[in-house]
Amino acid sequence: MATTITNAEAMAVDLRGESDWTAFDAPALVGSSLRFVSGDPQGDRFRVRYYRDAAQQLKARVWFGPETEGPPGHAHGGSIAAVLDEVLGLSGWAAGHAVVVANLNVSFRNLLPLQTVVTVESEVVSINGRKVLVKGRVCSGSAIYAEAECLCIAIGQPKTSVAG
Ligand SMILES: CCCCC/C=C\C/C=C\C/C=C\C/C=C\CCCC(=O)SCCNC(=O)CCNC(=O)[C@H](O)C(C)(C)COP(=O)(O)OP(=O)(O)OC[C@H]1O[C@@H](n2cnc3c(N)ncnc32)[C@H](O)[C@@H]1OP(=O)(O)O
């Protein structure tokens, strides 16, 4: 009897990072609550792997699966915003600040084709009291799909471990 294989299962998804990136264990730092975006590594929505780059900034490789569809064949803007919300908020945590995202400003630059692996870059650009400003973008090679500015607000003491 033939076995049914879904498109996403059949799809080889390469989430490997660059040679000078190191794997980043998000649940070890913030717990296992981040299921909405990164909780289903074999699913048909997002597949996410986190890294730190050589400058210790948080990076993610993200596959936008068929279940993220918005415009035909392309990712829903809300799915891109959800990824940026998680990655940029987590970037604040990875920098040692226990934050929530207060404001997220996203510019969608180009339609993102489904079943594409992209890089989400993040950079903590300023810290002013409880305000942690993080910038980021969703890109692949020279293609930029979205850019974002994220105001995070510290809600408590940073966790002692900023696990790598
Ligand atoms: C007790 C509940 C704890 C809940 C969380 C607990 C644990 C978290 C654990 C793990 C988290 C794990 C991972 C996190 C990483 C990624 C997760 C994804 C990111 C998210 O998915 S996270 C969910 C979405 N996120 C929210 O659900 C936020 C809802 N919201 C609030 O919880 C409040 O709104 C808060 C705390 C943001 C501020 O409230 P607040 O009362 O503490 O502080 P206040 O309002 O005084 O603001 C202080 C200064 O920030 C300025 N400011 C505030 N908001 C601004 C805005 N929007 N634009 C411009 N400036 C703003 C003010 O203008 C003032 O500035 P100034 O000091 O200069 O006057």
Side-chain angles (χ1 to χ4, degrees), residues 13 15-18 21-71 74-109 112 114 116-140 144-164:
V13 175
L15 296 176
R16 283 176 298 178
E18 303 297 321
W21 295 3
T22 54
F24 178 83
D25 186 347
L29 178 61
V30 299
S32 57
S33 67
L34 298 180
R35 293 187 300 279
F36 181 57
V37 168
S38 56
D40 190 2
Q42 298 304 322
D44 284 353
R45 196 164 56 183
F46 307 107
R47 300 184 191 179
V48 179
R49 204 175 292 170
Y50 282 109
Y51 300 91
R52 281 188 199 269
D53 68 12
Q56 298 303 301
Q57 300 287 357
L58 192 72
K59 294 257 196 302
R61 293 275 207 233
V62 181
W63 175 76
F64 282 78
E67 297 299 316
T68 65
E69 189 167 31
H74 295 84
H76 193 293
S79 73
I80 297 170
V83 165
L84 284 162
D85 179 49
E86 176 166 317
V87 177
L88 302 192
L90 192 57
S91 185
W93 279 78
H97 308 277
V99 295
V100 289
V101 171
N103 181 270
L104 180 64
N105 192 334
V106 181
S107 293
F108 301 102
R109 298 296 188 193
L112 170 52
L114 295 178
T116 301
V117 174
V118 297
T119 302
V120 184
E121 300 178 346
S122 75
E123 184 185 4
V124 175
V125 293
S126 68
I127 299 158
N128 180 11
R130 295 174 60 204
K131 298 177 190 174
V132 178
L133 187 63
V134 184
K135 288 189 176 178
R137 61 184 193 159
V138 177
C139 54
S140 175
I144 297 175
Y145 298 107
E147 296 174 302
E149 202 170 86
C150 177
L151 175 67
C152 300
I153 304 291
I155 55 168
Q157 293 302 311
K159 295 214 172 172
T160 48
S161 159
V162 281

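The model shown is predicted, which means the values in this text are computed figures rather than measured ones. Order of listing sets the numbers, starting from 1, for every ligand and every atom in it.
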Return yes when at least one protein heavy atom is under 4.0 Å from [atom], and no when none is.
| atom | value |
| --- | --- |
| atom 10 (C) of ligand 1 | yes |
| atom 29 (C) of ligand 1 | no |
| atom 43 (O) of ligand 1 | yes |
| atom 69 (O) of ligand 1 | no |
| atom 2 (C) of ligand 1 | no |

Quick one: does Leu34 get a heavy atom under 4.0 Å from ligand 1?
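The answer is yes, since Leu34 has a heavy atom less than 4.0 Å from ligand 1.
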
Which residue and heavy atom of the protein sit nearest [atom], plus the separation:
| atom | value |
| --- | --- |
| atom 20 (C) of ligand 1 | Asp85 OD2, 3.4 Å |
| atom 5 (C) of ligand 1 | Ile155 CD1, 3.5 Å |
| atom 57 (N) of ligand 1 | Ala102 O, 3.1 Å |
| atom 24 (C) of ligand 1 | Val101 O, 3.8 Å |
| atom 62 (C) of ligand 1 | Lys131 CE, 4.5 Å |
| atom 40 (P) of ligand 1 | Arg130 NH2, 3.8 Å |

Leu151: numbered ligand 1 atoms lying under 4.0 Å from its heavy atoms:
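Contacts of ligand 1 toward Leu151, numbered from 1: 58 (N), 59 (C), 60 (N), 61 (C).
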
With a cut-off of 4.0 Å, which atoms of ligand 1 are near a heavy atom of Ile153?
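In order of number, 37 (C), 50 (O).
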
Closest candidate by heavy atom, reference atom 15 (C) of ligand 1, pool Val87, Leu90, Leu88:
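Selected option, by shortest heavy-atom distance: Leu90.
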
My understanding is that we take every heavy atom of each candidate and find the minimum distance to atom 31 (C) of ligand 1. Doing that for Val37, Leu84, Val100, which one comes out nearest?
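Looking at heavy atoms only, the winner is Val100.
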
Partner of Glu121 under salt bridge (Lys or Arg N to Asp or Glu O under 4.0 Å), chosen from Arg61, Arg137, Arg52
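Looking at Arg61, Arg137, Arg52, the match for Glu121 under the salt bridge (Lys or Arg N to Asp or Glu O under 4.0 Å) is Arg137.
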
Is it the case that the side chain of Tyr51 and the backbone of Gly17 share a donor-acceptor pair, with hydrogens and angles ignored and the cut-off at 3.5 Å?
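Yes: the side chain of Tyr51 pairs with the backbone of Gly17.
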
Taking Arg49 for the side chain and Ala23 for the main chain, is one N or O donor matched with an acceptor at less than 3.5 Å?
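Side chain of Arg49 to backbone of Ala23, a donor-acceptor pair under 3.5 Å: no, none is there.
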
Can you check whether Trp93 has an N/O within less than 3.5 Å of an N/O in ligand 1?
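No.
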
Does any N or O of ligand 1 fall below 3.5 Å from an N or O anywhere on Val30, backbone included?
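Among all N and O atoms of Val30, none is under 3.5 Å from an N or O of ligand 1.
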
